[in-house]
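For clarity, every value in this text was computed on a predicted model and none was experimentally measured.
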Amino acid sequence: MESLIRLLDAADTLPGATALRARSYELLGHPAGAGVVDVGCGAGRAVAELAELGARAIGVDLSEHMVSAARRRWPDADFRVGDACDLPLQDGAVAGYRADKVFHDLTDAGRALEEAARVLVPGGRIVLIGQDWDAFLIDSDDPSLTRTIVHARADRTADPRAARRYRNLLLDAGFEDVAVEIHTGVFTDATMLPMLTGIAEAARAGGAITAEQEAAWAAEQTERARAGRMFLALPIFVASARRP
């Protein structure tokens with residue numbers, strides 16, 4: 001978990017990630033003093049930033065470890081342990097709902113959106129952010145093996161293509177004024193190397209590739225990162241909508 005937090009911290013401080021969070025706050029509207037829940041808040045960075053913007057921010061995460069880390073970092077903020085499908089909030093408790101890199105881990109996105117509608121006031125805003133786990137674009141000397149690794153890692157995710165379904169999921173849940181943006185993250189240095197080696201490890205653990213293939217592919221990506229030749233592009237989907 002600590003290594004995951006370090007990876008998230010490194011990713012969150014990249015200029016593109018900072019701009020993406022700012023865009024999500026803009027889409028929420030966050031009127032001064034309004035309640036906003038950040039579902040899957042992790043170590044709490046977005047909650048702290050929303051509070052700085054004047055929102056009454058609440059962070060919810062399924063992991064007690066993450067919530068403990070968030071409370072240590074921002075002791076004055078409101079962090080709660082809870083499930084996206086059973087939020088620890090009253091009906092109509094917030095004017096904004098944000099979930100960043102969450103829905104691909106859910107087995108019932110529809111139920112989570114029912115919960116979002118429950119806790120939002122009429123007219124409240126929802127913003128969903130996430131990558132499509134089946135659409136990683138990675139430069140490699142072995143594109144066939146790379147495709148196998150990407151697809152195998154996606155298959156180990158609960159809902160790997162949730163992000164491309166955001167629009168229809170929101171429409172099915174009764175939300176209105178649904179809009180979708182696509183922002184592409186491009187990574188060319190070692191910052192995201194642990195993600196690449198991690199997807200190869202997951203593909204090997206799932207039996208899609210051999211240990212030798214994993215080692216060779218990870219060694220190539222490590223050398224690319226060392227030489228400044230790594231290339232990873234991630235399409236990031238940002239969906240926003242309004243509760244009727």
Side-chain angles (χ1 to χ4, degrees), residues 1-26 40-46 48-49 66 69 73 100-105 128-157 160-164 166 180-239:
M1 186 63 70
E2 292 301 328
S3 62
L4 173 60
I5 291 175
R6 286 193 297 272
L7 176 59
L8 292 173
D9 281 344
D12 282 347
T13 56
L14 294 171
T18 301
L20 191 63
R21 288 198 306 279
R23 177 57 177 156
S24 74
Y25 307 153
E26 181 182 3
C41 66
R45 186 182 303 275
E49 291 175 345
M66 282 293 190
R73 292 180 173 198
D100 185 355
K101 298 184 288 294
V102 172
F103 273 62
H104 65 262
D105 277 332
L128 306 178
I129 310 161
Q131 71 269 23
D132 189 308
W133 282 79
D134 215 13
F136 283 31
L137 306 176
I138 305 166
D139 192 18
S140 170
D141 295 337
D142 192 337
S144 178
L145 179 58
T146 301
R147 282 194 297 271
T148 298
I149 289 170
V150 170
H151 295 324
R153 176 62 183 87
D155 289 344
R156 292 173 64 85
T157 304
R161 289 164 287 279
R164 71 177 71 173
Y166 281 164
V180 179
E181 303 173 359
I182 301 178
H183 301 251
T184 304
V186 176
F187 307 95
T188 58
D189 60 24
T191 303
M192 299 300 283
L193 180 61
M195 173 181 280
L196 294 184
T197 57
I199 67 171
E201 180 182 2
R204 188 264 307 155
I209 63 174
T210 66
E212 291 77 14
Q213 287 174 312
E214 176 199 357
W217 193 85
E220 181 205 337
Q221 293 302 321
T222 299
E223 175 56 25
R224 282 174 171 268
R226 186 200 63 77
R229 292 304 185 98
M230 192 185 89
F231 185 88
L232 164 66
L234 296 178
I236 308 295
F237 294 78
V238 182

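In this structure, Tyr166 contributes its side chain and Ile129 its backbone to a donor-acceptor pair below 3.5 Å. In this structure, Thr191 contributes its side chain and Phe187 its backbone to no donor-acceptor pair below 3.5 Å.
Residue Arg21 comes nearest to Arg45 through the heavy atom pair NH2-CD, 3.4 Å, listed as atom of the first residue, atom of the second, then distance. Of all heavy-atom pairs between Val102 and Gly40, the closest is CG2-CA, 3.8 Å. Taking all atoms of both residues into account, the shortest heavy-atom contact from Pro194 to Ala190 is CD-O, 3.7 Å. Considering all non-hydrogen atoms of both residues, Asp134 and Arg164 come closest at CB-NH2, 3.9 Å. For the residue pair Ala163 and Asp132, the shortest heavy atom distance occurs at CB-N, 4.1 Å. Between Ala203 and Ala152, the shortest heavy-atom contact is CB-CB, 3.8 Å.
Summarising the geometry, atom OG1 belonging to Thr146 is positioned 8.5 Å from atom CG belonging to Asp139; distances are rounded to the nearest 0.5 Å. Taking CD of Gln131 as the reference point, atom CG of Asp100 lies at 8.5 Å (rounded to 0.5 Å). Taking CG of Asp142 as the reference point, atom CZ of Arg147 lies at 9.0 Å (rounded to 0.5 Å). Once rounded to the nearest 0.5 Å, the distance linking CZ of Arg204 with CD1 of Ile199 reads 13.5 Å. Note that CG of Leu234 is 6.0 Å distant from CE of Met195, once rounded to the nearest 0.5 Å.
You'll find the side chain of Glu220 reaches within 4.5 Å of the side chain of Ser140, heavy atoms only. The shortest side-chain heavy-atom distance between Trp217 and Ile209 does not fall under the 4.5 Å cut-off. Using a 4.5 Å heavy-atom threshold, the side chains of Ile236 and Ile182 count as separate. Using a 4.5 Å cut-off on side-chain heavy atoms (C-beta onward), Asp141 and Arg224 make contact. Side-chain contact between Leu193 and Gln221 is present, with heavy atoms from C-beta onward closer than 4.5 Å. You'll find the side chain of Leu232 reaches within 4.5 Å of the side chain of Leu196, heavy atoms only.
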- Message: Using side-chain contact (heavy atoms from CB on, under 4.5 Å), reason through Glu49 and Tyr25 one step at a time and then give a plain yes or no.
- Response: CA-CA 9 Å; Glu49 291 175 345; Tyr25 307 153; 2.5 Å; yes
- Starting from the C-alpha separation in whole Å, work towards a yes-or-no answer on side-chain contact (heavy atoms from CB on, under 4.5 Å) for Val186 and Phe231. CA-CA 7 Å; Val186 176; Phe231 185 88; 3.6 Å; yes
- Hey, mind stepping through Trp133 and Arg153 against side-chain contact (heavy atoms from CB on, under 4.5 Å) and telling me if it holds? CA-CA 8 Å; Trp133 282 79; Arg153 176 62 183 87; 3.7 Å; yes
- side-chain contact (heavy atoms from CB on, under 4.5 Å) assessment of Met230 paired with Glu223: CA-CA 8 Å; Met230 192 185 89; Glu223 175 56 25; over 6 Å; no
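Between the side chains of Thr222 and Arg226, no donor-acceptor pair of N or O atoms lies under 3.5 Å.
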